[in-house]
2 protein chains.
Amino acid sequence: MTALSLVNNPIGGDWRRGWIVYDNIMARNRITLDDVARAAGVSAITASRALRQPAKVSERARARIFSAVQKLGYVPDAAASALASTRTSVVGLLVPSLTNAVFADFLRGVYDAIEDTSLTIQIGNFRYSPSKEESLIRTFLHQRPSGLIVAGVDQTEAARRMLMEAPCPVVQTMELSDQPVDRIIGFSQYASGEMVARHLIDAGYRRPGLLGARMDPRAQARIAGYRSGLRTVGLDDARRMITTPQPSSVGMGGQLLADLFAAAPDTDAVFCANDDLAAGALFEAQRRGLRVPESFGICGFNDLEMSRHMVPPLTSVATPRYEIGRGAIDLIRAALDPLSGEMPKRIELDAVMSARGTTRNNKNERTAR
Amino acid sequence: MTALSLVNNPIGGDWRRGWIVYDNIMARNRITLDDVARAAGVSAITASRALRQPAKVSERARARIFSAVQKLGYVPDAAASALASTRTSVVGLLVPSLTNAVFADFLRGVYDAIEDTSLTIQIGNFRYSPSKEESLIRTFLHQRPSGLIVAGVDQTEAARRMLMEAPCPVVQTMELSDQPVDRIIGFSQYASGEMVARHLIDAGYRRPGLLGARMDPRAQARIAGYRSGLRTVGLDDARRMITTPQPSSVGMGGQLLADLFAAAPDTDAVFCANDDLAAGALFEAQRRGLRVPESFGICGFNDLEMSRHMVPPLTSVATPRYEIGRGAIDLIRAALDPLSGEMPKRIELDAVMSARGTTRNNKNERTAR
DNA sequence: CTGTTAGCGCGTTCAC
DNA sequence: GTGAACGCGCTAACAG
C-alpha cells in the first residue's frame, strides 16, 4: 500500500444518497447516546459510563439506561467512539498467507474467541514478505488498534521496534521465543522438528530426507530442529534436503519427491515441512509403486483433517492452530482488562506426534513444546 | 452477538497509558490534516479535497499538498473521516464458514482486489445459520459500511429487506438469481449439478448416487440440478442419495460412502457435493478395493489444488472462487465510483467440468454458467 | 456517583 | 477554485 493510496479515498461516490428507515439502520435519525440518556433521565456521559464501566454507575441509573438501550435499539457508533477515545476496537491480524490450510483453523479460533465481544478483526496478508509485514504493522498502528496479532517472532528490526512501542497489546504466535515483543503463544518449531527426527530414527529409517517449500522462518526452524536431530545420530545428509522458495502445495510435494530421488535414490524416508507437501509425496510414492511405510516412510506436519483419512493414513505432527487463535485473543483481552493484572503473558502449547500408517509404527506418542 | 454485548466495550483497560513517538505512530501529536494544510499554505478543507477529489483543486495547490503529505507522513484518521462523512471504508464480508477450503480462495481474491485501495474488510462468520446471518447484516449495516458482500441468494426475508434498503452497494456471491438484491456475481449451482449428471451418464455409469453434507442452499441447488439431470434419463434413485446436515469433511466422505453401499450396494458412481467428501470417498473406495474408475466413478466439486494430484486424479468441477472474490470487490468499487455509471451489476461466471481419472474419461469438457 | 465543558479530526454547507 | 463555521457522536478531564 503506497502512501498515496492510503489517502486516495474510494468513498467518493454518491451511492444512493438518502437515508433508510428500515430497522433503524440509518444515519439521519440514528439513535444516539443522547437519546438514550434523555430516555433514562440522565446525562450522556452517565449513559456512556453505564455501558463501559457499569460498576461506576448507580444501580438505578444503570437499570434505566439499559432498558432505554433495549427499547430504543441503541447501537454505539464505533467511529465516534474511536475518535473520542483514541482507540478502536479493531484487532489487527497479520498473516503470511491466506491459502495455507493452517490459516483456516487459526482464523476460526480467533473468530470463535471474539464472539460476544465488541472486538473486531482486521486481517493483513503480507505474503511472506517481511517488508510488507513491516508496512502493514505501520498501517495498522496508525489505526489505534486494541491489539495486534502477528505470525512468528522474526519481524524486521524496524517492525520489532514499532511493536515494542505499540500503544496496545501485541501477541506473537505460532512460535516461542525468549525475547518476545510482548505477549506470545505457540509451540517450539525447532523441538517439533527434532521430534520428527527421533520418530523416523526410532522407526528404523536410516537415510532420511526432507522436503520443504516456501521456507518461512517457522519452516526453517522446524527443519533446523529436524536436521539437528538427525545430526546427533550422524544421519544428517545435505544431499537429501530438498527445498524451494516457491509456494507449498500438493503438486509441489510430488515434484520435490521426484527431485529427492533424483539426487539421492536410496533415501528411505522423508519429513515434509507440511501436510500438503506430504500428501503430494505420498501420491507420488504411490505412482512410483513404493511400499509405504515398509521401504519408504513419510511424515508430514500440521495434521490436517484429511491426513488421518488417507491411504495409508499420514503420519504427521498435530499443531494446536485453533488453540493458538483462541489464545491470542484471550491474551489481548486479558491485557486490555484492568482487572487481570496477573494474567500470563506467555502460553506454551504442545505439538504432538501422530504416528500413523506412512511410517513404521513404533507406538510412541511424543510431544514437543 | 446480543444487544448488550454490542455496547459492552472492552476498550476499558488502561493499557500502557502514554504516547509513543516512534515513527510518528501516536495519538498526541499525530500529524493531522491541519498540519498538512499549514505546510502547504492552504486551508484544511482544501487539503481534504486534494486528497479525495484531486480534480477540484488547482494543480499548484495539489502538488504542494501531496508533497506535504509525503514529507510529514500524513495518514488520514479513519475514525474522524467516518464520523464526519457518515461512511466508513469497511466492506462487510459474510461467510458461512471459515473452515471450508473454498473460503480461502475466495478470501484471497477479495484481499487481492482491495490492495492499493483504502477499503478494509470485516469478516462475519454466520456458521450456516440464517438467523445469525440476519443479525450480522444488521450489525454491519449499523457501521455504515462502504459495501456488503454476502454468500448466496437465500437470505431470510428480513435480511433481504435490509439488504435492499442498505445505503451501500450489496453483492451476492457464489450463485446466480433472477431477483438479486443489488449486485451479484457467481455461477449456476443448479446447472453445475446437471453438468455432473451428464458427465456421469456419458461416461456410462447407470446407477449413480450422491454424497452431501452440510446441505447449505448452494449444495442443495447443486444436488437438485444433479438429480434433475439424472431424472431426464430415468436414473434418479432416491435410495442412492445420501446426505447429512453435519459438517462436510474428508472423514465424512468415507462414512457417507459406506452408508451409500449399505443402502444400495450396486451403486456404480457417486457425485460428492465437494472435493473433501470426494477425497474421503476415494480413500474409502481404495480401502474397499474398488476399481476406480472402471467399476466405480467418483466426481467431486470445486476442484481444489490437491484433487488433480490424487491417485487417480479426481474428476471434479472447477469453480471460480478466486474470481468471485475479486469480482465482488470490483462490483463494489464500481458502484462507489461516480464515474462508472454503466458498470455491470451482474457477472456470470463458469464452472468447468474437469474430467480426470476417477471417472471413465469421455474427453468432453463441459461448462455450466 | 454525576454533570459540565471541551474537544477528537475530518467533511459538509455555504459563502466568497 | 477556495475558505469559515459548524457538527458528526462520543469520551477525557475535571468539578461538584
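All chains are named by letter (A, B, ...) in the order of the sequence lines, taking the proteins before the strands, and each is independently numbered beginning at 1. These numbers come from the heavy atoms of this one structure, side chains and all, not from hydrogens, waters or symmetry mates.
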Inset, instruction - Give a yes/no answer on whether the side chain of A/Arg30 brings an N or O atom under 4.0 Å of OP1 or OP2 in D/dG9. - result: no

Inset, instruction - Measure the distance from CD1 on B/Ile65 to C1' on C/dC10 and round it to the nearest whole Å. - result: 15 Å

Inset, instruction - Name all residues meeting the salt bridge (Lys or Arg N to Asp or Glu O under 4.0 Å) criterion together with B/Arg346; count only those two or more places apart in sequence or in a different chain, and write none if there are none. - result: B/Glu348

Legend entry - Spatial distance of atom CD1 (A/Ile31) from atom CG (A/Asp77) [nearest 0.5 Å]: 13.0 Å

Legend entry - Spacing between A/Arg144 atom CZ and D/dA12 atom P, to the nearest angstrom: 13 Å

Legend entry - Nearest-Å distance for atom pair CG/P, residues A/Leu51 and D/dG9: 16 Å

Inset, instruction - Would you please test A/Ile329 and A/Val171 for side-chain contact (heavy atoms from CB on, under 4.5 Å) and show each step? - result: CA-CA 9 Å; A/Ile329 295 293; A/Val171 182; over 6 Å; no

Inset, instruction - Could you say whether A/Ala79 or B/Arg49 is positioned toward the 5' end of DNA chain D, judged by the nucleotide with the nearest heavy atom to each? - result: B/Arg49

Legend entry - Toward the 5' end of DNA chain D, by each residue's nearest nucleotide, B/Leu83 or B/Ser58: B/Ser58

Inset, instruction - Would you indicate, yes or no, if D/dG9 has its OP1 or OP2 atom less than 4.0 angstrom from a side-chain nitrogen or oxygen of A/Thr32? - result: no

Legend entry - Sole residue of A/Cys168, A/Ser146, A/Ser89 in side-chain contact (heavy atoms from CB on, under 4.5 Å) with A/Leu336: A/Ser146

Legend entry - Atom-to-atom span, CG of A/Asp35 to C1' of D/dG9 - whole angstrom: 11 Å

Legend entry - Whole angstrom value for the distance that separates C1' of D/dA4 from CG of B/Asp34: 13 Å

Inset, instruction - Let me know the distance between CD1 of B/Ile31 and C1' of C/dG9, rounded to the nearest Å. - result: 13 Å

Inset, instruction - With a 4.0 Å heavy-atom cut-off, tell me which residues in residues 38-46 of chain B come close to DNA chain D, sorted by residue number. - result: B/Val42, B/Ser43, B/Ile45, B/Thr46

Legend entry - Lys/Arg-Asp/Glu bridge criterion (N-O < 4.0 Å) met for B/Arg38, B/Asp35: yes

Inset, instruction - Using the test salt bridge (Lys or Arg N to Asp or Glu O under 4.0 Å), find all partners of B/Asp112 that sit at least two apart in sequence or belong to another chain. - result: A/Arg127

Inset, instruction - Determine, stepwise, if the pair B/Leu107 / A/Asn125 fulfils side-chain contact (heavy atoms from CB on, under 4.5 Å). - result: CA-CA 11 Å; B/Leu107 200 62; A/Asn125 177 10; over 6 Å; no

Legend entry - side-chain N/O B/Arg52 vs C/dT12 OP1/OP2, d < 4.0 Å: yes

Legend entry - Separation of C/dC1 P from A/Glu59 CD (nearest whole Å): 11 Å

Inset, instruction - Name the closest nucleotide to the B/Ala61 side chain, picking from D/dG9, C/dT2, D/dT2. - result: D/dT2

Inset, instruction - Send over the distance from B/Arg62 CZ to D/dT2 C1', rounded to a whole Å. - result: 14 Å

